[in-house]
**Student:** 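One structure coming up, written as structure tokens, with questions to follow.
Note: hydrogens, waters and symmetry copies are ignored here, and every other heavy atom, side chains too, is used.
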Amino acid sequence: MHKWFQFPIIEGLSSKQAHCDLPDGSFERECGRDGFFGPATHMYHKHPPTSWVSWCGEHKPRAFDALALPQVGDTPWDAPLLLSNGDIKLRIWQTNKSMDHLVRNGDGDELLFVHQGSGDLYCDYGHLPFNEGDYLVLPRSTTWRIETANTVALLMIEATNNSFKSVDHGIVGQHAVFDPAILEYPKINAAFKAQQTEDNWQVFLKARNQINTISYPFNPLDSIGWKGNLTVLKLNWRDIRPLMSHRYHLPPSAHSTFVSDNFIVCTFVPRPVESDPNALKVPFFHSNNDYDEVIFYHHGDFFSRDNIKPGMITFHPNGFPHGPHPNALTLSQQAPKTFIDEVAVMIDTRNPLDIAPNISEVELHNYVASWQRHEDPEKQ
């Protein structure tokens, strides 16, 4: 297998260690391939590489207030599509109704992140309660429904024609980040058996992006038992123990939670800030030249972004540098925090994402201007 030329070159002023001991007054930018896993160069600039004064064109940083999108219909497939390509579909589904029907995704695995609310999931494998902050991994063609205890908001991530897999954390071992023993699965319990009625039920099957309706004279969730290693799984972000270094700001890929072909899902959870005085304490500027980056903001104080609230989504397509907002960068240098209190879900996609037309109505159209350079009035 051919690889890019591998040899280090140093030209002009630079740091010997990435993200640490930057030349005085400089701003570091990582130019990388294959996300954060391929060949990379670190540039050292006189000015923040995001200090543009204007931007013309649609290929730009974007932000959306996803929870403000109107909801129609009663099924997950009615939820508004946000971003998609041949590998992935992202939706936000909000509902306060318990489902009186079943659904089945024949197009790929489904990963549900519970942004708000709580309830009960009933599926082929049994009954599984869920709460705010849970991930629910639903294997392809699993039949399921939810009963809501209150209004539920779900970030839905479809691995189109694919599946979700666990992350290989290499030398830190299989129990790092989260121990697989923390994962929960559905149980064939009294609640599951109680819903096995002989009433008429319908299953809405999504296959090849079309809806098929299958009618039964009984509830198809009538399992009496099962064995195997394929099932629905649940993981809460509170059970994630992130990889950290007190002397080095780790790349986002260190926070990977699930992987699929051509995209990864990462979880940013509360964590201490690097304590080394010469280490960067905010996300470094980077040009992720092969991946689009999406972040769904769930909870807390999003220290690298201004004017972002829970339920919003930011979208940074590949091809330009991005990083912390100016205020976040300034604060990290003047009054650095010691702890980051944020929870967010990041999706990095290898292939470009398409923006659904309907979400333009909830777009923050001035988001691209949030990096604009504003001169200090005292220097004018």
Side-chain angles (χ1 to χ4, degrees), residues 50 52-96 105 107-108 110-116 151-160 206 209-211 262-263 265-266 287-299 302 304-326 344-372:
T50 54
W52 45 73
V53 294
S54 65
W55 191 297
C56 297
E58 293 304 307
H59 192 82
K60 62 184 179 181
R62 310 178 86 140
F64 310 94
D65 188 359
L67 294 185
L69 274 172
Q71 300 282 319
V72 296
D74 296 321
T75 76
W77 319 138
D78 295 317
L81 186 65
L82 305 174
L83 299 156
S84 64
N85 61 28
D87 307 308
I88 186 173
K89 288 182 174 62
L90 299 179
R91 289 182 167 90
I92 291 284
W93 184 37
Q94 301 178 73
T95 182
N96 58 9
N105 191 343
D107 287 331
E110 197 85 56
L111 178 63
L112 310 181
F113 179 75
V114 184
H115 175 57
Q116 293 175 350
T151 298
V152 170
L154 300 174
L155 173 67
M156 303 177 61
I157 308 171
E158 177 188 289
T160 306
K206 187 173 84 70
N209 214 30
Q210 295 181 337
I211 304 300
N262 292 324
F263 72 91
V265 178
C266 305
S287 299
N288 218 347
N289 294 324
D290 293 315
Y291 280 75
D292 282 4
E293 175 188 286
V294 178
I295 300 181
F296 175 79
Y297 297 89
H298 170 59
H299 169 79
F302 309 113
S304 65
R305 293 282 177 271
D306 294 333
N307 302 315
I308 293 294
K309 65 181 182 180
M312 285 187 172
I313 286 179
T314 57
F315 173 44
H316 300 154
N318 67 1
F320 59 83
H322 53 279
H325 277 150
V345 178
M346 186 182 83
I347 302 108
D348 271 9
T349 68
R350 179 63 179 82
N351 294 313
L353 288 164
D354 296 322
I355 302 173
N358 61 307
I359 65 172
S360 62
E361 61 191 81
V362 295
E363 181 172 359
L364 282 67
H365 293 283
N366 64 342
Y367 179 67
V368 67
S370 59
W371 280 277
Q372 281 185 357

**Student:** Could you go step by step and tell me if L67 and I92 meet the side chain to side chain contact (heavy atoms under 4.5 Å, CB included) rule?
**Tutor:** CA-CA 7 Å; L67 294 185; I92 291 284; 3.9 Å; yes

**Student:** Any side-chain heavy-atom pair from H298 and P310 closer than 4.5 angstrom?
**Tutor:** no

**Student:** D348 side chain to Y291 main-chain N or O, any donor-acceptor pair under 3.5 Å?
**Tutor:** no

**Student:** Name all residues meeting the side chain to side chain contact (heavy atoms under 4.5 Å, CB included) criterion together with N289; count only those two or more places apart in sequence or in a different chain, and write none if there are none.
**Tutor:** C31, R33, S287

**Student:** Just jot down the ring-ring contact (aromatic ring centres under 6.0 Å, His included) partners of F315, sequence neighbours excluded, or say none.
**Tutor:** none

**Student:** Taking side chain to side chain contact (heavy atoms under 4.5 Å, CB included) as the test, write out the residues that go with F263, two or more places apart.
**Tutor:** D87, I88, I157, A159, F164, S260, V265, I347, T349

**Student:** Does any non-hydrogen side-chain atom of L353 lie less than 4.5 Å from one of V294?
**Tutor:** yes

**Student:** Apply side chain to side chain contact (heavy atoms under 4.5 Å, CB included) to V152 and Q116, showing your working.
**Tutor:** CA-CA 5 Å; V152 170; Q116 293 175 350; over 6 Å; no

**Student:** Is there side-chain contact between F64 and I359, with heavy atoms separated by less than 4.5 Å?
**Tutor:** yes

**Student:** Go through the structure and list residues passing salt bridge (Lys or Arg N to Asp or Glu O under 4.0 Å) with D74, not counting sequence neighbours.
**Tutor:** K97

**Student:** By side chain to side chain donor-acceptor pair (under 3.5 Å), which residues pair with H322, not counting sequence neighbours?
**Tutor:** H286, E293

**Student:** Could you walk me through whether F113 and L154 pass side chain to side chain contact (heavy atoms under 4.5 Å, CB included), step by step?
**Tutor:** CA-CA 5 Å; F113 179 75; L154 300 174; over 6 Å; no

**Student:** Does the side chain of V368 come within less than 4.5 Å of W52's, by heavy atoms?
**Tutor:** yes

**Student:** Could you pull out all residues at least two apart from N105 that satisfy side chain to side chain donor-acceptor pair (under 3.5 Å)?
**Tutor:** E110, E158

**Student:** Looking at R91 and A79, what are the two nearest heavy atoms and their distance?
**Tutor:** NE-O, 3.3 Å

**Student:** Mind checking what makes side chain to side chain donor-acceptor pair (under 3.5 Å) contact with T314, not counting sequence neighbours?
**Tutor:** Y297

**Student:** May I ask you to test the L90-M156 pair for a side-chain heavy-atom distance under 4.5 Å?
**Tutor:** no

**Student:** Could you tell me which residues satisfy side chain to side chain contact (heavy atoms under 4.5 Å, CB included) with E58, sequence neighbours excluded, listed by chain and number?
**Tutor:** K60, R62

**Student:** List in chain and number order the residues that pass ring-ring contact (aromatic ring centres under 6.0 Å, His included) with F296, two or more places apart in sequence or in another chain; answer none if no residue qualifies.
**Tutor:** H115

**Student:** Output yes when a side-chain donor or acceptor of D107 lies under 3.5 Å from a complementary backbone atom of N209, and no otherwise.
**Tutor:** yes

**Student:** Can you tell if the side chain of Y367 reaches within under 4.5 Å of the side chain of M312, non-hydrogen atoms only?
**Tutor:** no

**Student:** Quick one, L364 and N366 - any side-chain contact, counting heavy atoms below 4.5 Å?
**Tutor:** yes

**Student:** Could you list the residues that satisfy side chain to side chain donor-acceptor pair (under 3.5 Å) with T95, not counting sequence neighbours?
**Tutor:** none

**Student:** For D78, enumerate each residue passing the salt bridge (Lys or Arg N to Asp or Glu O under 4.0 Å) test, keeping only those at least two apart in sequence or located in another chain.
**Tutor:** none

**Student:** So that I know where these two stand, are F320 and W55 an aromatic pair - ring centroids less than 6.0 Å apart?
**Tutor:** yes

**Student:** Given L83 and I355, is the side chain to side chain contact (heavy atoms under 4.5 Å, CB included) satisfied, shown in steps?
**Tutor:** CA-CA 5 Å; L83 299 156; I355 302 173; 3.6 Å; yes

**Student:** Partners of P80 by side chain to side chain contact (heavy atoms under 4.5 Å, CB included), sequence neighbours excluded?
**Tutor:** L69, Q71, N358

